[in-house]
Amino acid sequence: MIETPSLVDQYCHGVLRTELGLGTFEAQLARTEGPPAPGTTLFDTQTGFAVRRWCPPLLGLEPHCPPARYLARRRELGAVEAGRRLLRGSGITTYLVDTGLPGDLTSPPELAAASAADAHEIVRLELLAEQVADTSGTVEALLANLAESVHGAAAHAVAFTSVAGVRHGLALAPEPPGPGEVRGAAARWLAGRRVGGELSDPVLLRHLLWIAVATGRPLQLHAGLGEPGLRIDRTDPVLLTDFVRATAGLGTDLVLLHGYPYHRHAAHLAGVFPHVYADSGAALVRTGARAATVLAEILELAPFGKILFSSGAQGLPELHVVGARLFREALARVLGTWVAEGAWSLTDAQRVAGLIAADNARRVYGLG
C-alpha cells in the first residue's frame, strides 16, 4: 500500500464563509458560462460525483448520497462546522493560499485555524499591481510603488502567482520590456482605467513577471483550463518556452499550475529545464474517476522531484477534500500497479509518493 501521510497543498484559495443553497453550491462545483443541460445539475460532472463519493462520510452520511440530502446535512451543521469537518478530514497539513481572488473567502490564518494545519500566503501579481495603481497618481509613482510593493511582498509571501495567461495569453515576448516601453504602457493604463480596473496590458504583465523573478521567490504561472470562456489555446504552457529559457540560471523556480489538458506539455518543460516544476492539482479534480490516467501521463515525462500536489480548491471546502482524496487514490493506483508489475520496488514507490505529496513543495517553497 502506497501511503502519503502528509500533503502540502501548494496552490489553493480560501473557502466561502457564507451558507450556500443548491444553486450557489453548484455554481462553485463547475465554473461555466451558463446553466447545466436540461434535466441535469452540475453535480453531473466528474467533480460533482467525486464530492458525493468522498465528502458525505465526513459529515456523517453514506457515500454517494443524493445532493439534496448532502446539502441539507451541510445546512444543519452550518458553514463553519461543516467546513471544519471537511478540511480536517482532507489530510492536508499545509496550505499555500492565493489571496488574489475577490469574494468572501477565508484568509490563510482563518484557513489554518479551521483545518488545524499550517497556511502561508501566495501573492497574486496582477491584483498587487491593481492595488498600487489605485493609489498612484502618476506614471513615476506607479512604477516606483510597483517595484517596492513586489519586493516588499517577497518578505512575507512564500511565492508569487501570475494570471498573465488568463488576462492576455502565455505567448508573451520573453525578454524584459525596456524602460520607455514600460513607461508608455503605464501611462496608457493609468489614463484609461477606473479604480479597480484589471491589468491586461502585455508589456506591464511582462514587467511584473520580471520584477517577481528578481526577488528570487518561486513564481507560479497559470496554464491550461481556467476561467469560463477562456481561450485555452492561449494558455498552453509550451508557449512559455522562450520565457522559461530566458529565466534559466537566475535562481527563481517556475511552477506551471494546473496545465490540463496540456499537462504533458507542462511535464515536458519540467523535464527539460532545471528550474521548472509541474503541478498535478486541478487536472485530477476535473477528471475525477479518470484521475489516475492523467497522473500517469504527468509521470511519463516529468522527473519525480519536479511534480507538486495541489488541490486548486476555491470556495468550497469540499474541493480541498476531493483534491486530496483523488490525488491519494490516483497515486496509490498508478504506483501500486507499477510495483505489482515488478517495474518498481515498493521502497522506491513510497519515496516518490512522499516527494510529490509534500517533500518537493517543502524544498521549492522553503517550508523546512
Side-chain angles (χ1 to χ4, degrees), residues 8 10-11 94 96-100 120-129 132 143 146-179 182 199 202-224 235 237-259 265-281 302-303 305-310 355 359-368:
V8 174
Q10 67 107 24
Y11 184 81
T94 303
L96 307 190
V97 186
D98 176 359
T99 56
H120 306 273
E121 183 181 13
I122 300 167
V123 169
R124 184 173 290 207
L125 289 170
E126 290 78 13
L127 176 64
L128 186 63
V132 169
L143 297 180
L146 190 58
E148 182 181 352
S149 295
V150 173
H151 284 275
H156 68 269
V158 293
F160 291 105
T161 193
S162 170
V163 290
V166 176
R167 298 288 180 83
H168 176 78
L170 294 177
L172 296 164
E175 68 278 355
V182 172
L199 173 61
V203 172
L204 294 180
L205 290 172
R206 287 163 55 209
H207 182 58
L208 264 181
L209 293 177
W210 281 99
I211 297 175
V213 166
T215 70
R217 287 291 187 193
L219 174 58
Q220 302 174 336
L221 299 161
H222 290 243
T235 62
V238 78
L239 297 172
L240 286 166
T241 302
D242 291 340
F243 177 76
V244 166
R245 187 171 284 112
T247 56
L250 299 182
T252 295
D253 290 325
L254 306 180
V255 182
L256 304 178
L257 291 178
H258 312 325
H265 292 179
H268 164 72
L269 291 173
V272 171
F273 295 98
H275 65 307
V276 176
Y277 291 78
D279 170 47
S280 66
K306 307 291 289 298
I307 305 170
L308 306 173
F309 159 72
S310 78
L355 288 174
D359 294 346
N360 290 339
R362 290 194 182 106
R363 183 181 71 252
V364 170
Y365 298 105
L367 301 178

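Predicted model, so just to flag it, every value in this text is computed and none were measured. One is the number of the first residue; the rest follow in order along the sequence.
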Between Val255 and Tyr11, does a side chain to side chain contact (heavy atoms under 4.5 Å, CB included) hold up when you go through it step by step? CA-CA 10 Å; Val255 182; Tyr11 184 81; over 6 Å; no
For the side chain of Ser149 and the backbone of Leu146, is there at least one donor-acceptor N/O pair under 3.5 Å apart? no
Phe243 side chain reached by Val213 side chain, heavy atoms, under 4.5 Å: yes
Apply side chain to side chain contact (heavy atoms under 4.5 Å, CB included) to residues His258 and Thr235 and explain how you reach the verdict. CA-CA 10 Å; His258 312 325; Thr235 62; over 6 Å; no
Output for pair (Asn360 CG, Leu355 CG), nearest 0.5 Å, gives 5.0 Å
Closest non-hydrogen atoms of Thr215 and Ala154, given as atom of the first, atom of the second and distance, are CB-CB, 3.9 Å
Test side chain to side chain contact (heavy atoms under 4.5 Å, CB included) applied to Val123 and His156, step by step: CA-CA 9 Å; Val123 169; His156 68 269; 4.1 Å; yes
Can you tell me how far apart CZ (Arg245) and CG (Leu240) are? Round to the nearest 0.5 Å. 12.0 Å
What one should report as the nearest heavy-atom pair of Ala212 and Leu125 is CB-CD1, 3.8 Å
Does Arg124 reach the main-chain N or O of Val163 with its side chain, forming a donor-acceptor pair under 3.5 Å? no
If we ignore hydrogens and angles and just use 3.5 Å, is the side chain of Lys306 paired with the main-chain N or O of Val276 as donor and acceptor? yes
Which residues pass the salt bridge (charged side-chain N to carboxylate O under 4.0 Å, His left out) test with Arg363, not counting sequence neighbours? none
Check whether any side-chain heavy atom of Glu126 lies under 4.5 Å from a side-chain heavy atom of Ser162, and answer yes or no. yes
Testing the basics here: between Leu128 and Ala153, what is the closest heavy-atom pair and its distance to 0.1 Å? CD2-CB, 4.4 Å
If I take atom CZ from residue Arg362 and atom CD from residue Gln10, how far apart are they, to the nearest 0.5 angstrom? 13.0 Å
Does any non-hydrogen side-chain atom of Leu172 lie less than 4.5 Å from one of Leu209? yes
Verify whether one side chain among Asp98 and Thr161 offers a donor that lies under 3.5 Å from an acceptor in the other. no
Judged by modelled atom types alone, do His120 and Thr94 share a side-chain donor-acceptor pair under 3.5 Å? no
His275 side, atom NE2; Leu269 side, atom CG - distance, nearest 0.5 Å: 9.5 Å
Can you name the closest pair of heavy atoms from Pro177 and Val182 and give their distance? CG-CG2, 3.6 Å
Separation between CG (Asp279) and NE2 (His222), nearest 0.5 Å, reads 9.5 Å
What's the shortest heavy-atom distance between Ala129 and Leu199, and which atoms? CB-CD2, 4.0 Å
More than 12 foreign heavy atoms under 6.0 Å from CD of Glu148: is that the case here? no
Passes side chain to side chain contact (heavy atoms under 4.5 Å, CB included), Phe160 versus Val150? Steps please. CA-CA 9 Å; Phe160 291 105; Val150 173; 3.8 Å; yes
Under 3.5 Å, side chain of Thr252 to main-chain N/O of Pro218, donor-acceptor pair present? no
From CD1 (Ile211) to CG (Leu204), nearest 0.5 Å: 9.5 Å
Contact summary for Ala270 and Pro303, nearest pair of heavy atoms: O-CD, 3.8 Å
